[in-house]
Number of protein chains: 2
Amino acid sequence: MDQAAYILASGWACSYKLVEDGQRQIVDFQIPGDFLGLRSVLLNVSDHSIEPVTDIEVTEIHVADLLAAFAQTPRLATAMLWAASRDEAMVVEHLVNIGRRDAAARLAHFLLELGARLALVGLGSKEGYACPLTQYLLADALGLSAVHVNRVLRQLRERGLVTFRDGFVAFGDYDQLANFAQFEPSYMDQTGPLLS
Amino acid sequence: MDQAAYILASGWACSYKLVEDGQRQIVDFQIPGDFLGLRSVLLNVSDHSIEPVTDIEVTEIHVADLLAAFAQTPRLATAMLWAASRDEAMVVEHLVNIGRRDAAARLAHFLLELGARLALVGLGSKEGYACPLTQYLLADALGLSAVHVNRVLRQLRERGLVTFRDGFVAFGDYDQLANFAQFEPSYMDQTGPLLS
DNA sequence: CGACACCTTGAAACCCCTCAACGACTGTGG
DNA sequence: CCACAGTCGTTGAGGGGTTTCAAGGTGTCG
């Protein structure tokens, strides 16, 4: 039981699962401040893989320390539980995104969510943000082909909604885009755990 | 803060999210023994809706009691965290299912997972299980149309893999079906939380 | 300069959706 | 007892969103 969890200090990573024919589904991208590998520690099963997107720096957390901390500081466990719930809420939103939105709305929603998360850690605004992802990564995250991602990005650009180029996402008309993607950021609850 | 969580004592329910044009995405079905509404309690935001599938019986859990129990029994919080992680792992698997499998494999995978979950609580086996879901519910869960669910069910039946009829799922060739759907039940970790 | 990764675009094929219609069954009220 | 509505399952035809295949362009790096 010498598994470890990490907190991403700088850089981007992604967690994904492979299917047998070589395709993969990216579950989420991790940005600075996010946990890495928390679930595999808790479940004692590595049910997904993690890969860096850029160069990354991490700080290690020993499982034993974590569990010991739980015992001494019950609130910590509650806070972790809250964090896990928020993560699950985001995965759920991805599920809705892939299951019930067409490629354009899917892509728009994804770029908006990423922007909102980055804004929280000071790495973006409603103007845009630096984004090291390739179109191939986007495709794997959104359940699309890279070719189609390219086409849809062009559509969104030509309609003046978003431009993703040269590693930078620039929102054209943020409000219209949010409306188009039916982006409701409430699922990214930031009010914190229910501690008294 | 008078929200409550529940444990499903009998019957089936489902949690879902709506998108604006009237479609919905079912995130998961709850079977006896599952939590209901845990995430909305933790996040203080009701980010999804719940609907009964059959008549149901629930036992209520007060949030205040739950948090108090965490403080007194740290291991309980760890156990809850483990449960939440398992739930998330299942949602992730659904994400992979919808994102990277075609309709037939998707349906097969779903029926297999449901069977495995039911078998754990004594409600099913490798032969089959009673299943009160309609084809419309399956469609909402799998990101498909009801019409297509119907067609794909027929395919699976004609190939002798599964038969879903009259509220009963009957596996034809379980192993071949599991292979076809690339069903790897390891993500449904049942070994329990990492409590020394 | 060549290798490589990534972006871009076109054409054809395919999976799945929408629309439409009908049958089987259930419950309900007359 | 029967007509009726409602839900669910079934099947066909047509259309559209995405995929695959293919090719070429750009930039970076050794």
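Order of the sequence lines fixes the chain letters, A, B, ..., with proteins taken first and strands second; residue numbering starts at 1 for each chain.
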Arg165(A) side chain: which of dC8(D), dT18(C), dT8(C) is closest?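 Among dC8(D), dT18(C), dT8(C), the one nearest the side chain of Arg165(A) is dT8(C).
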
The side chain of Arg157(A) is closest to which nucleotide in this list: dG10(C), dC6(C), dT8(C)?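 Among the listed nucleotides, the one closest to the side chain of Arg157(A) is dT8(C).
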
If I take atom [atom1] in residue [X] and atom [atom2] in nucleotide [N], what distance separates them, rounded to the nearest angstrom?
X: Asp102(B); N: dT18(D); atom1: CG; atom2: C1'; answer: 14 Å
X: Leu107(B); N: dG9(D); atom1: CG; atom2: C1'; answer: 14 Å
X: Asp166(B); N: dT26(C); atom1: CG; atom2: C1'; answer: 14 Å
X: Leu153(A); N: dT8(C); atom1: CG; atom2: C1'; answer: 11 Å
X: Gln23(B); N: dT18(C); atom1: CD; atom2: C1'; answer: 11 Å
X: Leu133(B); N: dT7(D); atom1: CG; atom2: P; answer: 18 Å
X: Glu158(A); N: dT9(C); atom1: CD; atom2: C1'; answer: 12 Å
X: Arg154(A); N: dG17(D); atom1: CZ; atom2: P; answer: 15 Å

Between Arg159(A) and Phe180(A), is NZ or CZ placed under 6.0 angstrom from the six-membered ring centre and within 45° of the ring axis?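 Yes - Arg159(A) lies over the ring of Phe180(A), closer than 6.0 Å to its centre and within 45° of its axis.
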
Would you call [X] and [Y] a salt bridge, taking side-chain N to carboxylate O under 4.0 Å as the test?
X: Glu184(A); Y: Lys17(B); value: no
X: Asp21(B); Y: Arg100(A); value: no
X: Arg101(B); Y: Glu93(B); value: yes

Polar side-chain atom of Tyr6(A) near backbone of Asp34(A) as donor-acceptor pair, under 3.5 Å: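 No, Tyr6(A) side chain to Asp34(A) backbone: no donor-acceptor pair under 3.5 Å.
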
So, do Asp140(A) and Gln23(A) sit near enough that their side-chain heavy atoms are less than 4.5 Å apart?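 Side chain of Asp140(A) against side chain of Gln23(A), heavy atoms only: no contact under 4.5 Å found.
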
Using a 4.5 Å cut-off on heavy atoms from C-beta on, say whether the side chain of Ile61(A) contacts that of Phe35(A).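 When only atoms from C-beta onward are counted, Ile61(A) and Phe35(A) do touch, with a gap below 4.5 Å.
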
Can you give me the bend angle of the helix from dC1(C)-dG30(D) to dG30(C)-dC1(D)? Use the axis through the first five pairs and the one through the last five, nearest 10 degrees.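 Angle reported: 30°, given to the nearest ten degrees.
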
If you take the centroid of each ring, where Trp contributes its six-membered ring, are Phe29(A) and Tyr16(A) closer together than 6.0 Å?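 Judged by ring-centre distance (under 6.0 Å), Tyr16(A) and Phe29(A) do not meet the cut-off.
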
On DNA chain D, nearest-nucleotide positions of Arg151(A) versus Gln135(B): which is more 5'?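 Closer to the 5' end of DNA chain D: Gln135(B).
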
Could you check Val53(A) against Leu133(A) for side-chain contact (heavy atoms from CB on, under 4.5 Å), going step by step and ending with a plain yes or no? CA-CA 7 Å; Val53(A) 171; Leu133(A) 304 179; 3.9 Å; yes

Within residues 140-150 of chain B, find the residues that approach DNA chain D with a heavy atom at under 4.0 Å, and present them sorted by residue number.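 Residues of residues 140-150 of chain B that come under 4.0 Å of DNA chain D are, in numerical order, Val147(B), Asn150(B).
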
